[in-house]
Student: 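Let me give you the structure first, and then I'll get to my questions.
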Protein chains: 2
Amino acid sequence: MSTSLLDEDGAHATAMDVLSPDCPSRVVFGRIGERWTMFVILALEPGPMRFTALKARVGVVTPKVLTETLRALEGDGLVSRRAFDESPPRVEYALTPLGRSLLEPIAAMRAWAEAHVPEVLASRDRALS
Amino acid sequence: MSTSLLDEDGAHATAMDVLSPDCPSRVVFGRIGERWTMFVILALEPGPMRFTALKARVGVVTPKVLTETLRALEGDGLVSRRAFDESPPRVEYALTPLGRSLLEPIAAMRAWAEAHVPEVLASRDRALS
DNA sequence: CAGTATCCTGTGAGATACTG
DNA sequence: CAGTATCTCACAGGATACTG
C-alpha cells in the first residue's frame, strides 16, 4: 500500500505495507485511534449541528477536547465549520462528503461490534478467573 | 445499540446509542484505539506466528508493549497463544476465528484509507498554509 | 527464544474558570 | 453561544537491561 495504492491483488499482498512506518494507513488508524474522533463523526451523522448540540450528543467531552477534535477533523477535510456572523454567535459543523464516506467503514465496525461484542465480553470474564 | 442490539431500523436510530457510556461499541472503539492492536491483528493475518517473527512484522514495537497488546487481545478472545514445551521455548500466536472475523471491518477501513488518504493528506497540507 | 523487570517521559485529556 | 486559557495528571508507551 505504501508502494502501490492501486495494487489490485488480494489482501495478503498488501498486508505488510500497513506495517511500514510511512504507510498512509497509519494516517487513518492514527486518527480513528484518537479517543473522540469516531464519536464526533457518528454524532454528526444526522446533519449539520451547532457546537453545543454536538457537545450534548457526544456526551461527557469537555469543550476544550471537543474543539481540538473538531480542528483536527477540519484539518483532515472530514468536517466543515461554518460560522454565521450573528449575535449570539452561531457555528455549524457538518460532515464533508469525505467525512460522510468514512461512515461506511465505521458502520462495518459497528456491525462487527453488534455481532461480536458479547463474545468479547464473555472472553474477558473468562480471562478474569 | 446499548438498549437494543437487534434493532432493525436504520442507522440514524442507533446513532445516539454509540455515544452512551455503556454502549458495547466502546469496547470495540476502545480496543482498536490502542496503538498496536490493529497492527498486531494485521500482522497475524497470514497465519500462526512466533513472538519474534511477529515483533519483526509489526516493526518498532518493544517486547514489553507487544506482550501487553497480545495479552489484551488474548483476553478479548481475538488471539490465541500456544506454548510448546521445548527448549529453546517456542510460542505461537494466531488469530482465533473471532479475531479473523475482525479482519473484515479492518479491511473496510484499509480500503477507505487506500481510496481517500491522498485527499486527507492534501487537506492537511492546505490546513498548514 | 520469549519474554520480565524497572525506570522514565510525553501528551491526551479532564477540571475549572473566563470572554468576545 | 462558542469557544479560550491554564493547570494538572494518569498512564500508554518507550528505553534499557536482565533471565528461565
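Order of the sequence lines sets the chain letters (A, B, ...), proteins ahead of strands, with each chain counted from 1. Computed over heavy atoms, backbone and side chain alike; hydrogens, waters and symmetry mates excluded.
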Student: Across the strands shown, which category fits A/Tyr93 at heavy-atom distances under 4.0 angstrom: base, sugar-phosphate, nothing?
Tutor: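 Sugar-phosphate, backbone atoms only, no base.
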Student: Which is more 5' along DNA chain C, the nucleotide nearest A/Val65 or the one nearest B/Thr52? Just name the residue.
Tutor: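 The 5'-side residue here is B/Thr52.
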Student: Grab the CG-C1' distance between B/Leu66 and D/dG14 for me, whole Å please.
Tutor: 14 Å
Student: Nearest-nucleotide wise, let me know which of A/Val61 and B/Arg50 is further upstream toward the 5' end of DNA chain C.
Tutor: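 Nearest-nucleotide comparison on DNA chain C picks B/Arg50.
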Student: Taking the nucleotide of DNA chain D with the nearest heavy atom to each, does A/Arg81 or B/Pro63 sit closer to the 5' end?
Tutor: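 Whichever sits nearer the 5' end wins; that is A/Arg81.
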Student: Looking at B/Arg82 and B/Glu92, would you say the former's side chain and the latter's main chain have a donor-acceptor pair under 3.5 Å?
Tutor: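 It does not hold such a pair.
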Student: Which part of the nucleic acid, if any, lies within contact of A/Lys55, taking any heavy atom under 4.0 Å across all strands shown: a base, the sugar-phosphate backbone alone, or nothing?
Tutor: nothing
Student: Find the distance between CZ (B/Phe39) and OG1 (B/Thr69) and round it off to the nearest 0.5 Å.
Tutor: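 Here the interatomic distance stands at 11.0 Å.
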Student: Which of these passes side chain to side chain contact (heavy atoms under 4.5 Å, CB included) with A/Met49: A/Val91, A/Leu95, A/Leu54?
Tutor: A/Leu54
Student: Just verifying a value: how many Å separate B/Leu73 CG and B/Thr37 OG1, rounded to the nearest 0.5 Å?
Tutor: 5.5 Å
Student: CG of B/Leu103 to CD of B/Glu45: how many Å apart, nearest 0.5 Å?
Tutor: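 Output value for this atom pair is 5.0 Å.
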Student: With heavy atoms of chain A within less than 4.0 Å as the criterion, where does contact along DNA chain C begin and end?
Tutor: C/dA13 to C/dG20
Student: Using a 3.5 Å distance criterion without hydrogens, assess whether the side chain of B/Ser123 forms a donor-acceptor pair with backbone atoms of B/Glu119.
Tutor: no
Student: Across all strands shown, which nucleotide pairs with D/dG20 by Watson-Crick or G-U wobble geometry, both distances under 3.5 Å?
Tutor: C/dC1
